[in-house]
Amino acid sequence: MKRLLLSLCFLALISSYSKAQDLHIIKGRTIDTASTTLLSGTSVAILNAKDSTLVKFTRTAENGTFELSGIKNGKFILLVSYPKYADFVDHFTLDSTSQVKDYGRINLTGMAKILADVIIKGNRTAIKIKGDTTEFDPKAYHIEPNSKVEDLIKQFPGFQVDKDGKITAQGKTVPKVLVDGEEFFGDDPTLVTKNLRADMVESVQLYDKASDQASFTGVDDGEKTKTLNIKLKEDKKNGYFGKAQGGYGTKDFYQGQAMFNKFWGKKKFSAYGILGNNGTVGLGWDDRDKYSGSSSLTMGDDGGMYFSFGGDDFDSYDGQYSGQGLPVARTGGLHYDSKWNKDKESLNTNYKIGSIRVQGNRNSISQNNLESGVQNNTSNESFDNDMLKQKLDAMYELKIDTTLTMKVNVDGSLKKGNTSNSFETETLGENDKFLNSSNRTLSNKVDDQSFNMNVLFTKKLKKKGRTLSLNLNQSINKSNSEGYVNSQNKRANVTGTGTIDSLTNQLKVNNITNNSFKLNTAYTEPLSKTLTVIVNYGLTLMNGKSDRRSFNQSGGGMFDVLDTLFSNNFELNQTINQGGAIFNYKKGKTVINFGSKFSGVNFKQDDIYRNKTYVRNFINYMPQASYQYRFSQQKSLRINYNGNTTQPSLDQLQPVRVNNDPFNIVEGNQNLRPSFRSNVSASYNSYKVLTNQSLWLSGSYGFISNPIISDVTTDGIGKSTYRYINFNGKMPTNFYLDAQINRKINALGEINAGLNVSANGNSSYNFITTDLGRTLNNTKNYSYSGGINISKYKDKSYSFYGRFGPSYNMARASIGRNSDGWGWAGYASGYVQLPAKFELSTDAEYQYNGKTQVLTESFERLIWNAALSKKFFKSENLKFSATVNDILNQNIGFNRSASNTMISQSSYTTIRRYLMFSVSWDFNKMGGGIKTQK
């Protein structure tokens, strides 16, 4: 028995000794290479070599020493970091041969010396996730001489930049790009991304920009804009730079642009001019004002309603070029911003002027699948739209003292437009039976004016975290338009033995104004170290007038006979009181927001012509909640909920009567009740430094209770009458999912590869009444897609990027036929640097839409462009190029859409093959710094 006990003790001792042998100690000391200063507080991390997960972490002591114990056998990475010093990285293996690994003296080199020697080695942290902000380090990417910010962000994982410069990041459009946190030419991101030099950038930040009030209080108010912030290097803020480019090609295509930028200290001045007719130089800047739209009334976030400037086919052109038609664009602008008085005062101002004219044709076919039969519609349209706009905006900020700040934003715009549209439409029934036709011509002249002023006061009170802010806003918008409609219409009679003709020939004169004054105050109170509440109250006073007159011709040929049936004169007065409270909980890695806003709206509309008054009082409810957890600096999770009451619009309650299209009529319903919209979204971001692996997941699901849906009656000759009703039976839904993973694959020569999958869809309802009765229709539109992307860069040699993948689109209606089909899409670009500073570059975009049950023909096109260029001088800043656009001549305008029981397909005029010769010159005289980085 004693021998047994001794044996057991001996075995236990051996086991314990063996385990001790498998545990190791890592130690060392960090020192500044140049000064031999001991670096206390240095971050020391042991990472698992397989997946870069953290194993142990510490900071060095006063004498720069560190010691990490209890580390098991395996392969690891030592990462040593200190502010303004280059990282020290070492891969090592631990086994039973040695229990202590002593690095001894670890020399860290200051970044200033590394930059002076133009030597950058080792892995960099390409991405950092700080709360809601994802920060990209340009030094971890490849920057060619004279390349622009656009060339840099194309390399970021999860980013896509299309040929027009539109940026999509993590599945969402980025509408705003800032420079050092400030506006730069306002609402045109491409003026930053296509013109600022990439080697001037210190870092690029991606985040959801909160409102000024939320940024001050630190409490989420639900107002977010996806934003890129370009932070410039300090030594790149003195000097001037710019570019000039011009080109001329076959078929009389041309383009030209010039931009000049001067930065000195805390001042920036920029000027640019662009012209062209090849589609690459559209207006760019957003021409759509706050109150624009295709309906006669829009609704704001506070529940207030505004008359819009377009309530019919008139003035439907918003000044944007979407690839449909042949454009001629000219635009220019000035920018100036400055800080002075010890940064207590700042000014940011922009002026822009631009004109664009687009001419072309559009041909559409659609099929309306009803229980009573199929109705086929063809439409041929020609358009000639011209617009000139000027806009001036300014922001002035004054820090009155350390606790009180005033910020004033002012902007005004003038817009003049001329539009001309001609339509020829025909609808046929079963066996090509004639139902109706229309030949319409619309012409219009519009003169719009707008002015907005916003003043924000923010005050920090004595108690830490206690703040008070006051926001005042005044806006005035006016629109005057005059146009003509001439419509010759035919429809089959009831017996189907003949046709009935009708003619509309009228002058339309519209005068619309919107005035609003808004006051909003917010007070934040810290309830504890972790919980803060923000209480807000808002008052809005609004007045709108919409005078729309239709005139018939008199005997003398003048349009001076008022048509009271199609004329309206409305006055709208509203008083809105809004209040709410949002709670913010923040502790450790967790941030939680929750609360709600309520708004009470007193709505009064006077119908001047008919001497009627409509009064409506309602309450809007807007709950919100969010949860965020930061696992680490490179990993975070966020979940959001937003809800809001949606009131019926004036179009649904009492539509403006128009007679531009006699075969589509809208009727009002004064008994409509509000609906409630809910949306849940979530996102997860993760980035592993050493393997350069990024993972982005996001998704949302929304549904509407008590929805307002359309009740459509379609008769036997194809005339549809629309009316809106509340529907309590089922809820319309919508969703989207997006997942992207990107990683550098060293085994394939450091190729960056990625995989993405996405899905989105919606389900909606409407009633359809035909000769066979009334039926509830459920429309489902779902789209699923996926693909791979690869990229590779070799310094001073070549570069390529490509993405390709399938898609499956489902368009289904419970009444009628399904229209499901496969598709493929791909894009590739790259260049090769040839001897004697020649460069060959190319890009191609592929699209395939397969057959469906309704659309029996597939569509396929490959748009392939290529350019041969020659660079001159040591700096390579002068370049001559020969470019072939659409080499295969396949750029055929095409799109498909599905709505309710209608399936549509259209083709349109667009820019096709041409050859262009161009020259570009980049000039740069900025502060010192390396020209090329790797």
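Sequential numbering from 1 along the given sequence is applied to the chain's residues.
- Ring geometry for Y484 against F559 counts as perpendicular: the plane angle is over 60°, on a 0 to 90° scale with 30° as the lower cut.
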Inset, instruction - Take T613 and D606 through the side-chain hydrogen bond (donor to acceptor under 3.5 Å, both in side chains) test and state the conclusion after the steps. - result: CA-CA 4 Å; T613 299; D606 295 315; 2.9 Å; yes

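- Here the side chains of E667 and T721 are in contact, with some heavy-atom distance below 4.5 Å.
- For the residue pair S413/S450, the side-chain donor-acceptor check at 3.5 Å is satisfied.
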Inset, instruction - For side chain to side chain contact (heavy atoms under 4.5 Å, CB included), just list the numbers for N679 and N734, CA-CA rounded to whole Å, side-chain angles, deciding distance to a tenth of an Å, and then say yes or no. - result: CA-CA 9 Å; N679 190 79; N734 63 83; 4.2 Å; yes

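- Counting heavy atoms from C-beta outward, K545 and I608 have side chains that stay 4.5 Å or more apart.
- One N or O on the side chain of D563 and one on the backbone of L565 form a donor-acceptor pair closer than 3.5 Å.
- For CD1 of I619, the number of neighbouring non-hydrogen atoms (other residues, nucleotides, ligands) closer than 6.0 Å is 12 at most.
- No side-chain donor from either of T425 and N377 sits under 3.5 Å from a side-chain acceptor of the other.
- In the displayed structure, N611 atom CG is contacted under 6.0 Å by at most 12 heavy atoms of other residues, nucleotides or ligands.
- For the side chain to side chain contact (heavy atoms under 4.5 Å, CB included) with S710, the lone residue among V666, N777, N766 that qualifies is N766.
- The main-chain N or O of S469 is found under 3.5 Å from a side-chain atom of T521 such that the two form a donor-acceptor pair.
- Remark: the backbone N or O of D393 is paired with a side-chain donor or acceptor of T349 at under 3.5 angstrom.
- For the pair S567 (side chain) and S550 (backbone), a donor-acceptor distance under 3.5 Å is present.
- Between E381 and N421, the side chains place a donor N or O and an acceptor N or O closer than 3.5 Å (distance only, hydrogens not considered).
- Inspection of the D411 and N452 side chains reveals an N or O donor paired with an N or O acceptor under 3.5 Å.
- Ion pairing between D448 and K415 holds under the 4.0 Å rule for side-chain N and carboxylate O.
- Judged by distance alone, the side chain of S596 and the main-chain N or O of M622 form a donor-acceptor pair under 3.5 Å.
- For I725, the side-chain contact (heavy atoms from CB on, under 4.5 Å) partners two or more places apart in sequence, or in a different chain, are N669, I709, D711, R723, F767, R774.
- Remark: the T779 side chain and the S764 side chain contain no N/O donor-acceptor pair separated by less than 3.5 Å.
- A donor-acceptor contact closer than 3.5 angstrom is absent between the side chains of S420 and S443.
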Legend entry - CA sep, side-chain torsions, deciding dist, call: V533, I582, side chain to side chain contact (heavy atoms under 4.5 Å, CB included): CA-CA 6 Å; V533 64; I582 306 295; over 6 Å; no

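- Residues T645 and F618 fail the side-chain proximity criterion, which asks for heavy atoms closer than 4.5 Å.
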Inset, instruction - Apply side chain to side chain contact (heavy atoms under 4.5 Å, CB included) to the pair L539 and F517, showing each step before the final yes or no. - result: CA-CA 8 Å; L539 172 67; F517 170 78; 5.6 Å; no

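- Remark: side-chain polar atoms of N515 are not paired, donor with acceptor, to backbone N or O of N477 under 3.5 angstrom.
- Using a cut-off of 4.0 Å between Lys/Arg side-chain N and Asp/Glu carboxylate O, D386 and K416 are scored as not salt-bridged.
- At a cut-off of 3.5 Å, with distance as the only test, a side-chain donor of Q359 or D384 sits close to an acceptor on the other residue.
- Formation of a donor-acceptor pair under 3.5 Å by the T713 side chain with backbone atoms of T769 is not found in this model.
- Side-chain N/O atoms of Y641 and S678 include a donor and acceptor closer than 3.5 Å.
- Checking side-chain atoms of E571 against main-chain N and O of G544 turns up no donor-acceptor pair under 3.5 Å.
- Side-chain atoms of N489 and S438 include a donor-acceptor pair closer than 3.5 Å.
- The backbone N or O of P732 sits nowhere less than 3.5 Å from a side-chain atom of N762 that would complete a donor-acceptor pair.
- D547 and R549 are joined by a salt bridge, as a carboxylate oxygen and a charged side-chain nitrogen come within less than 4.0 angstrom of each other.
- Nearest heavy-atom pair across K226 and P175 is O-CD, 3.0 Å.
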Legend entry - Pair Y396-M406, side chain to side chain contact (heavy atoms under 4.5 Å, CB included): steps then yes or no: CA-CA 8 Å; Y396 171 74; M406 178 185 71; 4.1 Å; yes

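- No donor-acceptor pair under 3.5 Å is formed between the side chain of S675 and the backbone N or O of I704.
- Remark: the N505 side chain and the Q553 side chain contain an N/O donor-acceptor pair separated by less than 3.5 Å.
- In this structure, S720 and Q375 have side chains that are not in contact, with every pair of non-hydrogen atoms separated by 4.5 Å or more.
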